[in-house]
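So the structure is just underneath, and the comments pick up after that.
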Amino acid sequence: MGLRAGLRERVRAVLRDRYGIPTEVELEPITEPRPWGYSTNVALRIAGRLAEEEIARLDPSLSKKERKRREKALVREHALRAAEELAAELSRELPAGVARVEAENGFVNFYLDPAVYGRELIGQILADPAGLARGEPRQEKVMVEFSQPNTHKPFHVGHLRNTLLGNALSNLLEFAGYPVVRANYYGDIGLHVIKCLWGLMHLGELGIEREEGESEGRFLGRVYSAVDRLLGEDGPERERVEREIRTLHQRWDRRDPEVVDLWEKTRRASLEEFRRIYRDLGVSFELEFFESQVEEAGKEAVRDLLEKGVAEVSQDPEYRGAVFVDLAEKTGDETLGKLVILRADGTTLYSTKDLALARIKFERYGIDRSLYVVASEQSLYFRQIFAILRLWGFPQAERCVHIPYELVVLPEGKMSSRRGTVVLFDELWDRAVELYTAITRRKREERGGEEEGEEENARLIALGAIKYYMLAVDKMKQVVFDFDEALSPDGRSGVYLQYSYVRARRILEKAGLDPDGAGAELVPGEEVELQPAEVGLMRRMDGFSFVVEQALEQLDPSPLAHWAYQLARDFTDFYTACPVIRAGEPSRSFRLALTAAFARLMETVSTRLLSIGLPREM
RNA sequence: GGCCCCGUAGUUCAAUGGAUAGAACGACCGCCUCCUAAGCGGUAGAUACAGGUUCGAUUCCUGUCGGGGCCA
């Protein structure tokens, strides 16, 4: 049992024996200006009950306001007294590593002995860097569906946020012990694809030509935008184009060879481009689904839902023939409204396919929990889909969870392919590589060093900047995209994490140690005089398990990103304040061990959890 | 109209209901004989508003205002 768990148990035992109050005890890190330790608020939490009797005896003739004032005072008094009593009781026997227990403001604070506990902590990290926070292996198999780009459209920074978020979340769940299946679901068919195909058949009319060296994705994106723009303008042209697109959609539905052929060719080009992007990003999927693959299954699902009386055929003049589910009526939840699951002309929608896919995920892949990382604007849609699954008779619906996040927007508003206001991933990536190639070269020239591997390194750093920018924002907050911020190497950035790590490696190297393998043998057994920066760094490292817990609760990697920065910051404070290599023993050994422990923990949070790669040199 | 999300320094972001609301960028002033200045130190600066719950509210609840989104 770890120190924290042990303390928690002891507090619980005292509460039970002394007050007869069985209650959960939470132990949190003490906040900053106070020294390193853990704190519990149980005294404050039970004070109300302790004060009950005296409150009941208060003079009933008192005014309401006065009565309330006295009640508060009584509760406060009991809290302070209980905290004192608890601290006194717990002080009688302190576990190794705890220096003292104190009652302060109603909190019971356990202050650690940094020399004793710190040495143990560093030893643990060096032996098993993930061990501080990793969960026990679990049975429950989780599928995380994320990224979901549409073929025939470009991959933009919105997809980037989704992809990085879904990937980090998958890392986190794996770290917590779940078997995770990363799944992608490509929108390779649907109205947007048909629009693009129509555009390709009418390039002359659109006035579009494939430019020299233009990527397929970009070209298809331009075609799609042009068609979309055409459809946005009122007039007879628009009606004709709409009609032609509908006809084309039906030709697709009949698998007209000409249409299928064009679709296959362009689809392949799109997918190749996405795969290149995932390679650049270092993201991979265990499973890939395609909308085209579940179209037929979707139509079957609709037939089944009609038979079961869940779905019905619309009589509404505007949608006559379309199939929909009246969820408000079927579930009694007015906010669910209605959802169309098949168009009147028999062509499929997202909903048609999502219903079929959900079934396949559970039946064919035996997953226990299905997470959908999709923008929050789809919240209602997913509630509707899950509700239909339930009506359809799938108990798994209870284990489907939509993980919403907010969009990446531009200062002037939502990105729109119609208006051409989309930041493509490639554009960001090209600028990032260009910028960091230049910076990396300049830095190398300034300090001398090997040119070998520089290009690779520049890409790693560029990627770190971009990933950190995307991951460090609470997922429920919009990201207002800004090139300068996304690419900046200054301050709170991915680059800062990487730089701190490189500095740590260099220190280990200069001490003649293996930066990848320096280990627990360095932790000295004797007493070491500790500097505040050393304690600060250990204290931060000790908080790892808390932040992992928080990220899991919120299903959001952003707390990890913030913590990683704090960790780097505290390491920087440490090496700024404390010379390592030229320090005398036993400080030298201790500081080397601390440096190695930092490196191991940074690898864990950055590489393993956030998928932000760490260079060896910069 | 109904429902969902977000309002914290000039800006971008932090703060499982807790103790003196933290950073970064930008601004200004400093620091390379010393493990890499992609760095470090210092100065200035914020909880939209009104109620409520609570021993304690940036955090939870209600309402108002502002921004974003969804409602075949």
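Bear in mind the structure is a predicted one, so any value in this text is a computation, not a measurement.
Donor-acceptor pairing under 3.5 Å, judged by distance alone, is absent between the side chain of A/R492 and the base of B/A14.
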Return one dot-bracket line describing RNA chain B 5' to 3' (Watson-Crick or G-U wobble pairs, both distances under 3.5 Å; ( ) same strand, [ ] crossing, | another strand, . none).
(((((((..((((....[...)))).(((((.......)))))....(((((..]....)))))))))))).

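Counting only residues at least two apart or on different chains, the ring-ring contact (aromatic ring centres under 6.0 Å, His included) pairs with a member in residues 483-512 of chain A are A/F481-A/F483, A/Y496-A/Y565. Residue pairs meeting the salt bridge (Lys or Arg N to Asp or Glu O under 4.0 Å) criterion with at least one member in residues 569-586 of chain A, sequence neighbours excluded: A/R540-A/D570, A/R569-A/D573.
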Contact string for nucleotides 28-34 of chain B, one letter per nucleotide 5' to 3', B = base within protein heavy-atom range under 4.0 Å, S = sugar-phosphate only, - = neither, reads ------B

Donor-acceptor pairs are to be reported for all side-chain atoms of residues 44-54 of chain A against protein atoms at under 3.5 Å, with residues two or more places apart or in another chain.
| residue | atom | partner | partner atom | Å |
| --- | --- | --- | --- | --- |
| A/R45 | NH1 | A/N41 | OD1 | 3.4 |
| A/R45 | NH2 | A/E24 | O | 3.1 |
| A/E54 | OE2 | A/H78 | NE2 | 3.3 |

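In this view, A/E377 and A/K414 satisfy the salt bridge (charged side-chain N to carboxylate O under 4.0 Å, His left out) rule, not counting sequence neighbours. Remark: A/R303 engages no residue in a side-chain hydrogen bond (donor to acceptor under 3.5 Å, both in side chains) (not counting sequence neighbours). The ring pair (Phe, Tyr, Trp, His ring centres under 6.0 Å) search around A/F146 returns A/F285, not counting sequence neighbours.
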Atom pairs, protein N/O to nucleotides 67-71 of chain B N/O, distance under 3.5 Å:
| residue | atom | partner | partner atom | Å |
| --- | --- | --- | --- | --- |
| B/G68 | O2' | A/Q478 | NE2 | 2.5 |

Atom pairs, N/O to N/O, protein against nucleotides 46-53 of chain B, distance under 3.5 Å?
none

Enumerate all atom pairs, one protein N or O and one N or O from nucleotides 40-45 of chain B, separated by less than 3.5 Å.
| residue | atom | partner | partner atom | Å |
| --- | --- | --- | --- | --- |
| B/C40 | OP1 | A/Y496 | OH | 2.6 |
| B/G41 | OP1 | A/R569 | NH2 | 2.9 |
| B/G41 | OP2 | A/R569 | NH2 | 3.3 |

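Heavy-atom distances under 4.0 Å link RNA chain B to A/S39, A/N41, A/L44 of residues 37-50 of chain A, given in residue order.
A/V580 comes within 4.0 angstrom of a base, heavy atoms only.
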